[in-house]
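The shown structure was predicted, so the numbers you read here are calculated from the model rather than taken from an experiment.
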Amino acid sequence: MGSCHSILRTLAFRIIFAIAYTLVSTSLLSGFLIKKPAWLHRILKIIGNYFLGIFLYVLMIILVADIGRLLFKYIFRFSWIRSPLAFTLTGAVCSILIITISIFGIFHAKKIKVSSYNVTVDKTVPDTDSLKIVLLADTHFGYNAGAIHAQKIVNKINQQNPDLVCIAGDIFDNEFDAIRKPEEIEKILQTIHSRYGIYACWGNHDLNEPILAGFTFNQNTNDISDPRMKEFLQKSNIHLLEDESVLINNKFYIVGRKDASLSEKIAEIRQTPKQLTSSLDKNKPVIFIDHQPKELQELAAAGADLDLCGHTHDGQTFPGNITIRFLWENPCGYLKKDTMHNIVTSGAGVWGPAMRIGTDSKICVINVSFQS
């Protein structure tokens, strides 16, 4: 009888272990498919996001090791490459590299750095000769970022003592329910100190859409918009601008654009830069917030003085930080287009893989000087 119980316990353990192993090893897919219970869905989604980044470097490092092995074996004809010791050492080095890079990337993504830019706008502003703007984008609040990360961001912003805070989209990560304690993050964001307030535009991930391995899947347009996202911004004292402009203290304009990708998905019309500035007094500075750094020449021609963007993440993980240079006119940092200054931030959060290698999570400080 005792032997029978022992066999049953061993069998039960193996079954449970097999189920757990299968769920974890396929966490990208199982997290996408399994919605309930909610706690299991959350665990699998978080594991899947970490796995995505780690697996990328597993593939890269093993590929490099195999290419090196083939070169040593068939080109240089080193006999020692065939030895068990060489095989063991190669495996050990690869394992150490994978573990080290993964741990560094995961923790590095959680550190918020600050980039500063000084620009001059040749326009006169009454009683104002300068303006300090903090640019924030791509927080991607959800499974990868919650209240702790929000507090780090707010602390960094408040340390800059800004006159104005601009949020260039991708505040959410496609799933409002992914935010564990939205009301806590709302209270944290309420503590941002800004003389003229906080203004934001939407990004391509600020909608309710299924996401797998960082990639989204189209669904019924009626189900894409989530009213809780707008309510979240309202409760956080963030003013959302959707192809709208606002004149601040009769000194300068803030213009927030609809996102190009999001507008296409929800079948909305996005106004052109010229349409957005046609009724504005061009003698006053015009500051645009636009998630994706597109239509730079059109914006400059329409009278924009400053264009603030995000979206690119600066490639987020190597080699993305290299390939991104071929995809955007200004993938990250500063670019002057005629008289317009375009600044793209690498973002304060992550998309897909929950790590950063070769890039930083950032906010940007823009010190704007006006003609005296």
Q) Below 4.5 Å, heavy atoms only, C-beta onward: do Leu135 and Ile343 meet side chain to side chain? A) yes
Q. If you group Ile, Leu, Val, Met, Phe, Trp and Tyr by side-chain heavy-atom gaps below 4.5 Å, do Leu52 and Phe318 land in one group?
A. no
**Q.** Lys274 bridged to Glu298 by N-O distance under 4.0 Å
**A.** no
Q) Looking at side-chain heavy atoms only, is the closest gap between Glu268 and Asp243 below 4.5 Å? A) no
Q. Given a cutoff of under 4.5 Å between side-chain heavy atoms of I, L, V, M, F, W and Y, with clusters grown through shared members, what are the other residues clustered with Phe288?
A. Leu247, Tyr253, Val255, Leu276, Leu280, Val286, Leu296, Leu299, Leu335, Met340
Q: Begin with the C-alpha distance, continue with both residues' side-chain angles, and end with the deciding distance and a verdict on side chain to side chain contact (heavy atoms under 4.5 Å, CB included) for Ile133 and Leu131.
A: CA-CA 6 Å; Ile133 304 172; Leu131 181 71; 3.9 Å; yes
Q.
Hydrogens and angles aside, do Asn155 and Gln151 bring a side-chain donor and acceptor to less than 3.5 Å of each other?
A. yes
(Q) I'd like to check Asp122 versus Phe370 (side-chain heavy atoms, cut-off strictly below 4.5 Å). Are they in contact? (A) no
Q) Glu329 versus Pro293: any side-chain heavy-atom pair under 4.5 Å? A) no
Q) Looking at Lys337 and Glu295, does any basic side-chain N land under 4.0 Å from a carboxylate oxygen? A) no
Q.
So that I know where these two stand, are His140 and His313 an aromatic pair - ring centroids less than 6.0 Å apart?
A. yes
Q. Between Phe232 and Phe172, is the ring centre distance below 6.0 Å?
A. yes
Q.
Counting only heavy atoms from other residues, nucleotides and ligands, does the tally under 6.0 Å from CZ of Arg228 exceed 12?
A. yes
Q.
Testing the basics here: between Gly203 and Leu262, what is the closest heavy-atom pair and its distance to 0.1 Å?
A. O-CD1, 3.1 Å
Q) Is the side chain of Gln160 donor-acceptor paired with the backbone N or O of Lys156 at a distance under 3.5 Å, no angle test? A) yes
Q | Lys36, NZ atom: more than 12 neighbouring heavy atoms under 6.0 Å | A | no
(Q) Keeping Asp281 on the side-chain end and Asn283 on the backbone end, is there a donor-acceptor pair under 3.5 Å? (A) yes
Q: Could you verify whether a donor N or O on one side chain and an acceptor N or O on the other, from His205 and Trp351, lie under 3.5 Å apart?
A: yes
Q) Tyr199 and Ile289: which non-hydrogen atoms are nearest, and at how many Å? A) O-CD1, 3.7 Å
Q. Can Ile357 be reached from Phe51 by stepping across I, L, V, M, F, W or Y side chains whose heavy atoms are under 4.5 Å apart?
A. no
Q) Closest approach of Ile287 and Phe252, non-hydrogen atoms and distance? A) CD1-CD1, 4.0 Å
Q.
Looking at every heavy atom in both Ala354 and Asn144, which two are closest together, and how far apart are they?
A. CB-OD1, 3.5 Å
Q.
Could you measure the distance from the CG atom of Asn118 to the CG atom of Asn367? Nearest 0.5 Å is fine.
A. 5.0 Å
Q. Checking side chain to side chain donor-acceptor pair (under 3.5 Å) for the pair Asp338/Gln297: CA distance, chi angles, key distance, verdict?
A. CA-CA 8 Å; Asp338 296 340; Gln297 187 61 62; 2.8 Å; yes
**Q.** CG (Leu327) with more than 12 external heavy atoms under 6.0 Å
**A.** yes
Q: Could you tell me whether Lys362 and Asp138 have a side-chain N and a carboxylate O separated by less than 4.0 Å?
A: no
Q) Side chain of Ser130, backbone of Ser369: donor and acceptor closer than 3.5 Å? A) no
**Q.** Side-chain (Lys282) to main-chain (Thr277) donor-acceptor, under 3.5 angstrom
**A.** yes
Q.
For Gly320, is there any backbone N or O sitting under 3.5 Å from a side-chain donor or acceptor partner on Thr323?
A. yes
Q) So, His108 side chain and Thr359 main chain: donor-acceptor pair closer than 3.5 Å or not? A) yes
(Q) If we count only N and O atoms by modelled type, under 3.5 Å, do the side chains of Lys258 and Ser263 hold a donor and an acceptor together? (A) no
(Q) Other residues, nucleotides and ligands only: do more than 12 of their heavy atoms fall within 6.0 Å of NZ on Lys230? (A) no
Q | Minimum heavy-atom distance between Leu136 and Ala348, given as atom pair plus value | A | CD1-CB, 3.6 Å
**Q.** Salt-bridge contact Asp314-Arg356 (side-chain N to carboxylate O under 4.0 Å)
**A.** no
(Q) Would you compute the distance between atom NE2 of His41 and atom CG of Leu33 and round it to the nearest 0.5 angstrom? (A) 10.5 Å
(Q) Is it the case that the side chains of Arg69 and Thr90 hold a donor-acceptor pair, with the cut-off being a distance below 3.5 Å and no angle test? (A) no
Q.
Keeping Asp206 on the side-chain end and Ile171 on the backbone end, is there a donor-acceptor pair under 3.5 Å?
A. yes
Q | Sidechain-backbone polar pair: Thr128 side chain, Val125 backbone, donor-acceptor under 3.5 Å | A | no
**Q.** Side chains of Lys123 and Lys284 in contact at under 4.5 Å (non-hydrogen atoms)
**A.** no
Q: Look up atom CD1 in Ile366 and atom SG in Cys166, then write down how far apart they are to the nearest 0.5 Å.
A: 7.5 Å
Q: Give a yes or no on whether the backbone of Thr272 and the side-chain of Gln275 come within a donor-acceptor separation of less than 3.5 Å.
A: yes
Q. Once you round to the nearest 0.5 Å, how far does CD of Glu186 lie from CD of Glu231?
A. 9.0 Å
Q) Of Val165, Ile167, Ile153, Ile238, which is the lone residue that meets side-chain contact (heavy atoms from CB on, under 4.5 Å) with Ile192? A) Val165
Q: Take Met355 and Val350 through the test side chain to side chain contact (heavy atoms under 4.5 Å, CB included) and record every step on the way to the result.
A: CA-CA 7 Å; Met355 61 171 61; Val350 292; over 6 Å; no
Q) So how far is it from Ile96 CD1 to Ile101 CD1, rounded to the nearest 0.5 Å? A) 11.5 Å
Q: Establish, from distance only, whether the side-chain atoms of Asp305 and His341 form a donor-acceptor pair under 3.5 Å.
A: no
(Q) With heavy-atom distances below 4.5 Å as the criterion, would you say the side chains of Trp202 and Leu240 are in contact? (A) yes
Q | Check against side chain to side chain contact (heavy atoms under 4.5 Å, CB included), Cys309 and Asn342 | A | CA-CA 8 Å; Cys309 308; Asn342 171 244; 3.6 Å; yes
(Q) To the closest 0.5 Å, what do you measure between CD1 (Ile148) and CD1 (Ile185)? (A) 10.0 Å
Q) Do Ile112 and Ile363 pass the side chain to side chain contact (heavy atoms under 4.5 Å, CB included) test, and can you show the C-alpha distance, the side-chain angles, and the key distance before you say yes or no? A) CA-CA 7 Å; Ile112 309 297; Ile363 63 170; 4.2 Å; yes
Q | Tyr196 atom OH: more than 12 heavy-atom contacts under 6.0 Å | A | yes
(Q) Any salt bridge linking Glu242 with Arg257? Criterion: basic side-chain nitrogen under 4.0 Å from a carboxylate oxygen. (A) no
Q) In terms of heavy-atom contacts, does CG of Leu59 have more than 12 from other residues, nucleotides or ligands at under 6.0 Å? A) yes
**Q.** Validation row: Ile254, Leu164 side chains within 4.5 angstrom (heavy atoms)
**A.** yes
(Q) Any salt bridge linking Lys113 with Asp360? Criterion: basic side-chain nitrogen under 4.0 Å from a carboxylate oxygen. (A) yes
Q: Grab the two heavy atoms, one from Phe141 and one from Gly146, that are nearest each other, plus how far apart they are.
A: CE2-O, 4.1 Å
**Q.** Residue that, paired with Gln292, satisfies side chain to side chain donor-acceptor pair (under 3.5 Å) out of Asp259, Thr312, Asn204
**A.** Asp259
